[in-house]
Each structure stands twice: as C-alpha cells, then as structure tokens.
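Worth knowing before you read on, the calculation uses all heavy atoms, side chains too, and leaves out hydrogens, waters and symmetry mates.
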Protein chains: 2
Amino acid sequence: MLAPLVRDMMAAELPVLEANGLSMWGYSVLVALDRSAIRTQAALAEAIGADKTRIIAILDELQDRGLIERVPDPEDRRARLLAITKAGRRAKEATQAAIQQGEERWLGRLSPGDRAAFVRILQELSGVDWS
Amino acid sequence: MLAPLVRDMMAAELPVLEANGLSMWGYSVLVALDRSAIRTQAALAEAIGADKTRIIAILDELQDRGLIERVPDPEDRRARLLAITKAGRRAKEATQAAIQQGEERWLGRLSPGDRAAFVRILQELSGVDWS
DNA sequence: TATTGTTATACTCTATAACTATA
DNA sequence: TATAGTTATAGAGTATAACAATA
C-alpha cells in the first residue's frame, strides 16, 4: 500500500524539484548539510542512504553552482569537509517551501487529528531497526 | 520521511519474496489477478502501475511456472485473458503470509489504536488524485 | 597496510519506438 | 486505420571493482 503511494508522491514532487533546479539526491544532500556540516563524503552518503560513489557527481555539481563547500580537511587531507553555503541554504529553503506546499494537497485531506497522528506514527516507524 | 521508510521496508521484504521465488512485480501480478481475472495485459499493467512492455517477461515466467493462465480471447484474438491458477494462488497466499509476518515486526511496535489509525489514514491517502 | 575519494565498468531497470497479428 | 501484444534499443540509475592520494 505504501509503495504506490510513495511512487505517486515522488512523481508529483519531481517537477517541483526540477523547477528549483535540484535533483532528488541534490536536495537530500542540502537537507542533510543544513542540519549540520559533515566531515567525510562517506558519512554523508550513509546519512542520506546513498552509495559513496553515487554522490560524487552530485557534490561536483552542487559545488560548481556554489551551493555547498567541499574543502580538504587540513588535519587529514584524505577527507573533505562538507558544508552548505548561504546560497545553498536559500535554495534549500525555497525548494522545501514548494514541496511542503505540494504536500498540503494531500495532508490537507486529513482531519487535524489524523494529520498529527500520521506524522507521529511515521516518526515512530522511522526509528525501527530493519536488519 | 516516507521514502527512506519504504526503501528500508522493500530491502527487508525483497529476501522474503526471493525465498518464495517471486520478484516484486511477479508478486504484484499474482495479487492483482487473485482479486479478479483481467482481459488485457495493458489493463493489468495499469492496475499494478507498470509499463505494458515491462510485464511481458514477468508474465512469460509466471506462465512457464504454471502460476497464471494466459489464453487468447476467442472473441478478440489480439487480447490475452489473464487468470491466476490454483498453484499461483497457493504461491501468492504463502508469500503474502510471509510478508505479513515480516510486517508484524514494525506494525507490532504501534499501539493497537495507532495501528488501526495508520492503516485507515493510508487508505484515505491512497484515494488522492495526484495529477 | 588501511582509508578517503575518485574513476571505470558492468548490470539492472525503465521508457521509447518499431514490428507482428488481429480487428 | 487502429489496437493488443511483442521485440529491440537506448537511456538512466545503481553497484562493484580497480585506482590514486594520504595516513
């Protein structure tokens, strides 16, 4: 039941991301880095559930566009210190606002009580260990 | 929040499907055909949210293994009448039981009230038009 | 020798278009 | 000519393994 729901949701939100010039993974990176800077790319990949080889092209592009910073750690020059820039934060905020507006279209169908319960239950389920 | 949840869920349930010798799409087909027989492959594809060209290999395999029937409609020999077989229904029931057992692992964390609410809310959201 | 990031490669999934057969 | 199914092909997304730099 969840799978088709998420599929429809992503199909609806992909154009929103595109309008803001971000891919799904690019957006995920900005959201993660907005929470806090990260010291290695592998840690970032893990945080957003991606592969470390997969985020490289994404980081390249975000950096080229000035949305993130990516500098070698002076204390361990193998690692790259990752942080969001002001422009990156602006892009993230704008995109997030657009997405949340889209989510209103379906969350708005729920009663306020159901809506609160739904979000609370999702948070609970997100803590489950799947291994 | 939903996307990582579904990703983890699918990762957890894929081995269960595999153990029962079914792919995700193969299982979807059996579930759809168990509800009712379908008159064309295009309609089946639409019902499970797939592409009509994509289900062909899946139908080939399910048919070879005797899990579905697929015969030309005598009234319009372009179309293929699709139905689940007894063996197919057995395979579907067994797989479904295994999957639902897996779902207990996380639904079991919820209080009975939350659990009922969650399922009800999901059903409500599934009715949303996304276009 | 181990680790971080990168590149190269192959593999899977999916979508598009061309084709066959029926109507 | 239009439709159901099929096949072929190309593209995107992903994972694996090999490589370079640093520790």
Query - Rounded distance in Å - CD1 (B/Ile55) to P (C/dT14) - result: 13 Å
Report summary line: Correct closest heavy-atom pair for B/Ile121 and A/Asp114 would be CD1-O, 3.4 Å
Query raised in the report: Hey, where on DNA chain D does chain A first and last touch, going 5' to 3'? Cut-off is any atom under 4.0 Å from a heavy atom.
Result: D/dT14 to D/dA23
Query raised in the report: Expressed in angstrom and rounded to an integer, what is the separation of B/Ile58 atom CD1 from C/dC13 atom C1'?
Result: 11 Å
Report task. Would you indicate, yes or no, if C/dA15 has its OP1 or OP2 atom less than 4.0 angstrom from a side-chain nitrogen or oxygen of B/Arg54? Result -> yes
Query - Distance in Å, B/Leu125 CG paired with A/Asp8 CG, rounded so as to fall on 0.5 Å steps - result: 11.0 Å
Query raised in the report: Rounded to the nearest 0.5 Å, how far does CD of B/Gln100 lie from CD of B/Glu13?
Result: 9.5 Å
Query raised in the report: Would the number of heavy atoms belonging to other residues, nucleotides or ligands and lying under 6.0 Å from CD of B/Glu18 be above 12?
Result: no
Report summary line: Closest heavy-atom pair, B/Gly66 versus B/Ala87, reported as atoms and distance to 0.1 Å, is O-CB, 3.9 Å
Report task. Report the C-alpha distance between B/Arg39 and B/Leu81 in whole Å, list the side-chain angles of each, state the deciding distance to 0.1 Å, and finish with yes or no for side-chain contact (heavy atoms from CB on, under 4.5 Å). Result -> CA-CA 5 Å; B/Arg39 213 187 64 82; B/Leu81 301 173; 3.3 Å; yes
Report task. Might you confirm whether atom CD of B/Glu46 has over 12 heavy atoms from other residues, nucleotides or ligands at distances under 6.0 Å? Result -> no
Query - Partners meeting side chain to side chain contact (heavy atoms under 4.5 Å, CB included) with A/Ala43 (sequence neighbours left out) - result: A/Ile38, A/Thr40
Report task. Mind calculating the distance between CG (A/Asp51) and C1' (C/dT7) to the nearest angstrom? Result -> 13 Å
Query raised in the report: Can you tell me how far C1' of C/dT4 sits from CG of A/Leu59, to the nearest Å?
Result: 13 Å
Report task. With a 4.0 Å heavy-atom cut-off, tell me which residues in residues 38-49 of chain B come close to DNA chain D, sorted by residue number. Result -> B/Thr40, B/Gln41, B/Ala42
Report summary line: Under a 4.0 Å heavy-atom cutoff, the residues of residues 16-35 of chain A touching DNA chain D are A/Trp25
Query raised in the report: Closer to the 5' end of DNA chain D via nearest nucleotide, is it B/Ile56 or A/Ala50?
Result: B/Ile56
Query raised in the report: If two hydrophobic side chains count as joined below 4.5 Å and joins carry through other members, does B/Met24 share a cluster with B/Ile56?
Result: no
What N/O pairs connect the protein and nucleotides 17-22 of chain C at under 3.5 Å? Give each pair on its own line.
none

Requested in this report: Round to the nearest Å and state the distance from A/Asp73 atom CG to C/dT4 atom P.
Outcome: 12 Å
Query raised in the report: Among all residues two or more places apart in sequence or in another chain, which pass the side chain to side chain contact (heavy atoms under 4.5 Å, CB included) test with A/Ala3?
Result: none
Requested in this report: Kindly check if the number of other-residue, nucleotide or ligand heavy atoms within 6.0 Å of CD (B/Glu75) is above 12?
Outcome: no
Query raised in the report: Does any N or O in the side chain of B/Asp51 come within less than 3.5 Å of the main-chain N or O of B/Thr53, such that one atom is a donor and the other an acceptor?
Result: yes
Requested in this report: Kindly assign one of parallel, tilted or perpendicular to the pair B/Trp106 and B/Phe118, based on the angle between their ring planes and the thresholds 30° and 60°.
Outcome: perpendicular
